[in-house]
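Structure first, then comments.
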Amino acid sequence: MTQPTDLSSKSKSALPSASESALRSTRGSDTALLVTAVLTLAAWGYGLFGVGTDRDQGDVYRILFVHVPVAWCAFVWVIAGAVFAVRLFFSPARAQGLDRSSQACVELGTLFAALALLTGSIWGRPTWGRWWDWDPRLTSTLVMFLVTCGYHILRSFTPDVRARRTVAAVVALLGALNVPIVYFSVNLWRSLHQPQSIVANQSNMSGDIKLALWVNVFALLALSIALYRVRRQSIAAKETLEMLRAEQGLA
Amino acid sequence: MNLGARRWWHTFFFVTQFSLRGVLLRKASWFGVLSFAACLLILFPFAFGTELLAQGEVRHGAFWAIQEFVVALVVGRVFQAEQENGALEALLASRAPRSALLFAKTAFTAVQLLSLQIPLVLLWAVFYNVPTEGLMQNVRFLLPVCLLFNFGTSALGALLSCVVARSQAREILLPILFFPLQMAPLLAAVTLMLRNDPAYEYVGGFADGSWWTVLAAYPVVFLAVGFLLDDVLLQE
């Protein structure tokens with residue numbers, strides 16, 4: 001169990017008003033989560049029933065309406081975690097808040113990376129005939145996922161709060177270094193994985209499929225932002241509780 | 001040369017000398033790692049079946065897999081001697097540039113890995129019946145590959161050793177963080193060796209240049225990260 005060493009002398013006196021605003025904020029986050037979840041389900045429904053069958057892959061391709069947005073969300077949140085980590089180095093006064101934000105981002109990045117691997121496997125089995133291939137895109141995504149898992153393990157094994165923020169920020173940066181490698185792997189190496197679906201000034205999919213894809217991308221991104229807010233609040237609440245318990249333990 | 005640069009190089013050579021003296025005083029650790037690697041060299045044929053060693057990719061793959069075990073042991077002990085005798089705290093409390101400490105440890109670890117790889121190559125050539133035709137060509141090619149591999153691995157290892165220094169269960173944490181990030185230079189080293197082996201016909205999709213780029217980029221990238229974050233990584 002971690003022992004936070006940052007003690008706020010104002011924490012107890014500020015608690016009543018802080019708890020009211022936290023409660024309002026939590027309700028708002030829950031509402032946003034519900035709305036975006038419904039939107040995402042609607043987007044999936046559109047992908048399942050609103051778009052025609054693919055000429056080559058049949059109905060199997062529909063998993064891509066989940067797989068591609070999930071993969072993009074993984075990239076976005078891993079990079080966001082690194083952005084907060086870099087800001088942490090330049091703004092030590094705001095380290096606590098930035099660390100919490102970075103942690104929430106990397107958690108989402110880990111979740112979406114795992115889902116990308118899973119949905120990719122589900123698509124790969126009927127299409128490539130196997131659950132897994134040591135393809136550059138898949139392998140580099142797996143590496144990115146493992147680094148984000150290492151981030152969480154490192155956090156749980158580092159008891160000192162300040163040290164934990166610093167080392168976690170370094171690993172978040174290292175994790176983000178993988179993102180351009182994953183994204184450009186299909187261009188850099190001869191890959192079994194298909195090339196990027198959406199490339200500037202090019203069109204390699206029909207209009208209705210592209211529309212369904214973008215709808216799913218935005219819906220899932222909105223859902224992930226709502227998840228981020230909920231998770232960020234949860235992390236802040238947990239750390240505040242630990243600080244208060246530590247204060248009471250010392251008193 | 002200005003005072004800052006002189007201090008940097010002085011620290012660099014001091015730490016390198018200090019580390020070398022530490023290894024020479026405790027030769028048992030060097031011999032221990034070499035013995036461990038030799039045991040693995042013998043173990044792999046039993047795992048794969050000795051007939052399979054005739055295949056080039058198994059020979060080269062086993063060599064580099066054993067390198068990974070050696071690297072894990074050596075990288076796990078980058079700062080151990082200094083931590084045990086209190087020298088690290090003294091170095092950090094002094095005005096010695098942190099980046100010089102990190103660079104010195106990276107360079108020394110790379111050379112230490114090379115010192116272990118030289119006898120290991122000889123044992124590998126003997127136990128794995130590496131064909132004599134092209135053996136010297138293999139070995140000549142192996143040197144630059146090993147040097148770049150060692151520097152990239154050491155830079156990454158030194159960085160991650162600093163990251164896990166204040167964590168519990170370091171012996172578990174370091175491999176978890178190290179191995180995923182280290183896969184690229186490993187793949188590059190194996191592929192380059194296979195392509196260069198005249199006894200083996202390698203059919204692969206990527207040009208040599210791309211693998212050399214990976215090997216060269218690793219020390220540059222991770223030394224740069226270490227240089228930028230040296231104050232953060234090496235705190236008292």
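Residue numbering restarts at 1 for every chain, and letters A, B, ... go by the order of the sequence lines.
Only the side chain of Phe89(A) has a heavy atom closer than 4.5 Å to any heavy atom of chain B. For Leu142(A), no part lies under 4.5 angstrom from a heavy atom of chain B.
Interface summary for chain B: among Ile153(A), Val170(A), Leu154(A), the most heavy-atom pairs under 4.5 angstrom belong to Leu154(A).
One distance of note links OG1 of Thr166(A) with CG of Leu229(B); it measures 10.0 Å at 0.5 Å rounding. Note that CD of Gln168(B) and OG1 of Thr158(A) are 8.0 Å apart. Values are rounded to the nearest 0.5 Å. Residue Leu173(A) holds its CG atom at 10.0 Å from CG of Leu159(B), rounded to the nearest 0.5 Å.
Residue Phe14(B) qualifies as open at atom CZ: its count of foreign heavy atoms under 6.0 Å is 12 or below.
For Ser101(A), the side-chain hydrogen bond (donor to acceptor under 3.5 Å, both in side chains) test picks out Tyr228(A), Arg232(A), with sequence neighbours left out.
Under the 4.5 Å side-chain criterion, counting only non-hydrogen atoms from C-beta, Val164(B) is not in contact with Phe157(A).
What you find for Arg166(B) and Pro159(A) is that their closest heavy atoms are O-CD, 4.1 Å.
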Tell me which donor-acceptor pairs under 3.5 Å the side chains of residues 170-190 of chain B have, and how far apart each pair is, sequence neighbours excluded?
unit_1	atom_1	unit_2	atom_2	d
Arg170(B)	NH1	Ala165(B)	O	2.8
Arg170(B)	NH1	Ser167(B)	O	3.3
Gln182(B)	NE2	Glu68(B)	OE2	3.4
Gln182(B)	NE2	Thr153(B)	OG1	2.8

